[in-house]
Amino acid sequence: MNNREKNKDRRLNTGMTVLYLLLTVGGGIAIIANLISIQWVHGEEWRARGEKRVADVRSDPARRGNIYSSDGKVLATTVTECDLYLDLYDTIQLDDKGRVRYGNKNEPMETGPIVDSNFNKYLDSACLMLHEAFPQRSVQYYHDRIYGERQKTRPGRCFLVQRGVPYSVWTRICNLPGWNRGVVKSVDMQSVQHQVRAHIYGSMAGNVIGYRNDRRDGTYTGLEGYYDSVLRGQDGLYNYHRLTMSTWLPEDPGTRSQVAQRTDDEHIDTIMLRHRRDGSSIVSTIDTRYQDIAENALRKALHQYNGTAGCAILMEMKTGYVLACANLALDTSIHDFREMRDRNVTVSDVYEPGSTFKTILLSAMLSDPTIKIDTAMQVKVGYKDFGGKNGVIKDDHTLAGRDSLNVREVIEQSSNVGMCELGWMYFGDRRDTLRHLVEKMFPYGKLNPDLRAPEYSTYINDLHASKRDFLNFCYGYSTRVSALQLITFYNALGAEGRMVKPLFCRAIVDGGRTTEIKPVVLNPQICSRETARMMRTMLEGVVEHGTGNNIKNNTYGIAGKTGTSVNYRTHLYNGSFAGFFPSENPRYTCLVVLKDSPAYGRQAALVFKAISDCVVAVDKGLSDGSVKSVWPQLQDDSTMALTRPRLLRGNQDDIRRLYKRLKMPYHSADSSSTWVFYREATDSTRAQYYPYKADEGHVPNCIGMTAKDAIALLNDAGYKVRINGYGKVASQSPRAGQKAGSGRTVEITLR
């Protein structure tokens with residue numbers, strides 16, 4: 001090697017050495033600079049990030065409260081649901097030379113979460129579990145879906161089989177031999193498990209309970225929406241510390257109330273730590289027994305008359321508690337009627353009520369102090385020409401041959417002409433007065449019930465627009481109301497003018513403390529008691545011998561009004577019946593509406609009767625001496641001595657001798673009374689016999705008596721008796737408590 005080459009190599013080595021030194025020094029300077037930056041310039045930020053990897057402030061979601069029925073059943077609660085994903089990847093194991101590997105049983109060895117042997121053996125079991133949870137989808141549907149994905153060249157590693165699988169079903173699938181690793185537990189770092197609200201009784205009272213509008217929106221309808229702040233509770237905020245890679249443990253806040261957290265490069269937020277507070281529960285006014293009867297009877301009627309929707313509401317008169325509220329609409333996908341989450345027929349639907357509005361019109365007319373309407377006054381019916389364009393009003397064929405009725409009969413027979421005659425006679429030239437009287441009496445404003453549902457404006461047409469508008473108004477058209485408003489009025493009429501707000505929640509339960517929701521009085525007196533009693537008598541006549549006589553019975557009285565309005569767009573009817581019972585001592589109000597069907601008010605009355613029969617059969621409080629609903633049931637052993645030989649009603653001396661002969665104790669509130677009736681024990685009184693005396697001029701109550709005692713009681717009151725059957729008195733006609741003159745024959749049926 002010559003000197004030139006040696007110098008060249010030396011220079012190259014020197015350059016490389018210098019470059020190496022420069023890089024080393026530069027890298028060292030950069031490292032030192034970064035150390036300084038990390039330690040002092042951005043030290044706080046990096047320390048916060050490091051802390052966040054082992055400590056964090058996280059939320060602990062509160063459990064939402066339950067919704068109970070008034071008879072003690074759970075209507076809605078929070079449950080865990082899971083989305084079922086499967087990892088269906090599977091392949092044959094190969095050795096280093098690409099040959100198939102075999103196991104001890106000379107079978108090809110497989111790799112993948114679920115091997116073929118376990119997959120094929122338990123696939124049908126998994127499909128059967130899914131079918132039981134979702135009956136609308138067959139076992140074959142799930143088999144084809146899962147097996148088809150498995151047979152693909154590249155099967156899904158995260159294949160969605162079914163959303164919303166109950167946690168118990170999801171767990172059973174996980175526990176199938178060899179399937180646990182194949183069930184995906186999280187997707188995109190999110191658990192497949194989530195909390196949802198479940199309606200325990202399916203769609204029963206669905207619109208009253210309420211539905212979630214949208215998973216991201218987080219708002220609810222019904223009671224869920226109105227009492228959301230009560231049910232929701234408050235999420236807890238805790239300091240969490242990492243225990244393992246995926247396990248975090250909360251730290252009790254103790255006396256610490258806040259912690260600082262950096263949210264970006266410039267701002268530090270102070271977060272208030274707090275304990276989790278689970279939501280309170282609420283007790284709805286819904287009684288599942290009445291609700292079930294209302295929904296079944298309404299559904300049967302809608303099927304029978306090909307309706308599109310309907311509602312049935314039962315309200316407790318004194319408190320305004322809604323004991324049943326069925327809202328059914330046609331679901332064309334299943335060809336059946338059910339509670340639709342986007343349609344609350346009771347609150348949100350408005351319609352022209354037809355003849356059920358005549359009660360309101362006549363009540364308003366009777367309340368006008370400037371006129372005096374005699375209910376015995378004769379009014380023209382059948383046909384009337386009020387003059388002008390479209391001034392002819394006709395009644396239907398049921399009044400053929402009648403040219404006049406008294407005012408009471410106008411309501412009983414539901415005469416359109418008769419109502420128009422009264423309206424034109426007294427208010428034809430002062431229509432605003434009638435409108436004012438109606439608006440003062442009827443709750444046209446929004447009722448704002450304690451459940452979240454759209455409540456649309458109701459109205460009365462301009463009664464001065466035309467003569468026809470005014471005449472239509474007189475028999476229930478030219479106005480639109482909701483079913484909730486209508487039952488609120490009838491409830492007030494039965495309560496002698498006291499109007500209360502409809503309530504759907506009875507109490508709030510927070511731990512061991514119960515806060516009762518008190519009744520809300522909207523109007524202490526919508527009309528005079530005399531007017532209310534007069535209207536009640538007329539509504540009793542509707543059922544006794546008017547348009548509602550198809551639900552007349554001899555066990556308890558009903559006061560109500562049929563209504564039928566035409567939907568001129570569809571040429572179908574809105575049939576309705578509104579009233580209260582027992583008419584002798586009103587305690588419940590009920591309204592039934594069948595929308596867009598060929599059904600009239602008489603058909604809606606049959607649904608009313610099915611509901612009222614259920615209430616009378618269940619409510620022992622109706623056995624007050626005037627109305628007896630059912631045979632009393634046996635009590636526990638402590639009262640067995642009094643209950644087994646019980647006679648509901650009869651001669652006190654005979655009953656006392658019977659108890660003495662059987663060597664059983666006899667209890668009476670008045671030992672001197674000739675006639676007595678039996679009443680169940682209450683919180684303040686024991687089970688015993690009470691004195692009974694029928695009001696003069698009213699038919700005595702013989703239900704539960706022997707034939708001998710019934711004949712004696714009726715004869716003493718001046719009535720003749722006709723007997724059918726044998727046993728004890730099961731029914732009588734005329735009904736107990738009804739006005740009837742002396743000498744009339746009372747027919748009793750024994751059973």
Side-chain angles (χ1 to χ4, degrees), residues 73-92 103 105 107-188 190-204 206 209 211-212 215 288 292 295-296 299 331-341:
K73 296 180 174 63
V74 178
L75 295 178
T77 189
T78 301
V79 298
T80 301
E81 285 186 353
C82 308
D83 297 333
L84 178 61
Y85 290 86
L86 293 178
D87 184 351
L88 297 177
Y89 168 76
D90 184 48
T91 188
I92 302 296
K105 296 182 179 181
E107 294 179 350
M109 298 179 65
E110 303 164 346
T111 60
I114 311 176
V115 298
D116 278 348
S117 56
N118 287 328
F119 178 82
N120 295 326
K121 185 176 181 179
Y122 298 104
L123 176 59
D124 287 341
S125 298
C127 294
L128 180 60
M129 294 177 194
L130 291 170
H131 165 68
E132 291 174 347
F134 302 92
Q136 68 274 21
R137 290 180 170 172
S138 65
V139 173
Q140 191 63 43
Y141 166 83
Y142 289 110
H143 184 282
D144 293 345
R145 182 172 173 80
I146 299 173
Y147 189 79
E149 182 68 22
R150 176 80 163 194
Q151 297 307 307
K152 292 181 179 179
T153 305
R154 298 177 62 85
R157 300 299 304 267
C158 188
F159 176 65
L160 175 62
V161 179
Q162 178 67 55
R163 293 190 185 277
V165 178
Y167 180 74
S168 59
V169 176
W170 184 84
T171 303
R172 287 164 59 197
I173 294 175
C174 288
N175 291 333
L176 290 174
W179 279 59
N180 186 50
R181 291 177 57 243
V183 178
V184 180
K185 308 302 189 299
S186 62
V187 178
D188 295 333
Q190 297 293 324
S191 173
V192 298
Q193 300 180 16
H194 46 267
Q195 303 293 313
V196 296
R197 294 294 276 181
H199 291 194
I200 304 303
Y201 290 89
S203 65
M204 176 187 283
I209 299 170
Y211 299 100
R212 188 163 185 169
R215 180 172 292 184
T288 57
D292 187 48
E295 289 190 13
N296 287 330
R299 182 178 289 107
D331 185 347
T332 56
S333 64
I334 60 174
H335 305 289
D336 198 3
F337 294 91
R338 66 180 184 88
E339 295 260 355
M340 305 289 281
R341 62 173 60 221

Quiz item: Do L123 and Y142 pass the side-chain contact (heavy atoms from CB on, under 4.5 Å) test, and can you show the C-alpha distance, the side-chain angles, and the key distance before you say yes or no?
Solution: CA-CA 9 Å; L123 176 59; Y142 289 110; over 6 Å; no
Exercise. Could you walk me through whether Y167 and R172 pass side-chain contact (heavy atoms from CB on, under 4.5 Å), step by step?
Key: CA-CA 9 Å; Y167 180 74; R172 287 164 59 197; over 6 Å; no
Quiz item: Could you go step by step and tell me if Y147 and N120 meet the side-chain contact (heavy atoms from CB on, under 4.5 Å) rule?
Solution: CA-CA 9 Å; Y147 189 79; N120 295 326; 4.2 Å; yes
Exercise. Check the pair V79, Q195 against side-chain contact (heavy atoms from CB on, under 4.5 Å), reporting the backbone distance first and the verdict last.
Key: CA-CA 6 Å; V79 298; Q195 303 293 313; over 6 Å; no
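Here the closest non-hydrogen pair linking C82 and Q193 is SG-CG, 3.6 Å. Shortest non-hydrogen contact noted between V183 and C174 is CG1-SG, 3.6 Å. The shortest non-hydrogen separation linking R145 to V161 is NE-O, 3.4 Å. Y201 and V74 make their closest contact through CE1-O, 3.5 Å (heavy atoms, listed as atom of the first residue, atom of the second, distance). For the residue pair N118 and G178, the shortest heavy atom distance occurs at ND2-CA, 3.5 Å. C158 and V187 make their closest contact through SG-CG2, 3.7 Å (heavy atoms, listed as atom of the first residue, atom of the second, distance).
The CH2 atom of W179 lies 7.5 Å from the CD1 atom of I173; values are rounded to the nearest 0.5 Å. Here the CG atom belonging to D83 is positioned 10.5 Å from the CH2 atom belonging to W170, to the nearest 0.5 angstrom. In this structure, the separation between CE on M204 and CG on L75 is 8.5 Å, given to the nearest 0.5 Å. In this structure, CD in Q162 is found 10.0 Å from CD in E81, a value given to the nearest 0.5 Å. Note that CD1 of I200 is 13.0 Å distant from NZ of K73, once rounded to the nearest 0.5 Å. Expressed to the nearest 0.5 Å, how far CG of L84 lies from CG of L160 amounts to 8.0 Å.
Under 3.5 Å, the side chains of T77 and R197 contain no donor-acceptor pair of N or O atoms.
Contact annotation: the side chain of L86 never approaches that of R150 to less than 4.5 Å [non-hydrogen atoms, C-beta and beyond]. Looking at heavy atoms from C-beta onward, D336 lies out of side-chain contact with R338 at the 4.5 angstrom threshold. At a threshold of 4.5 Å between non-hydrogen side-chain atoms, the residues L130 and Y141 do not count as touching. Residues M129 and L176 are in side-chain contact: their nearest non-hydrogen atoms beyond the backbone lie under 4.5 Å apart.
Remark: side-chain polar atoms of D87 are paired, donor with acceptor, to backbone N or O of Y89 under 3.5 angstrom. A side-chain donor-acceptor contact under 3.5 Å links E149 to the backbone of G156. Proximity of a side-chain donor or acceptor of N175 to a complementary backbone N or O of T171 within less than 3.5 Å is detected.
Atom NZ of K185 has more than 12 neighbouring heavy atoms from other residues, nucleotides or ligands inside a 6.0 Å radius.
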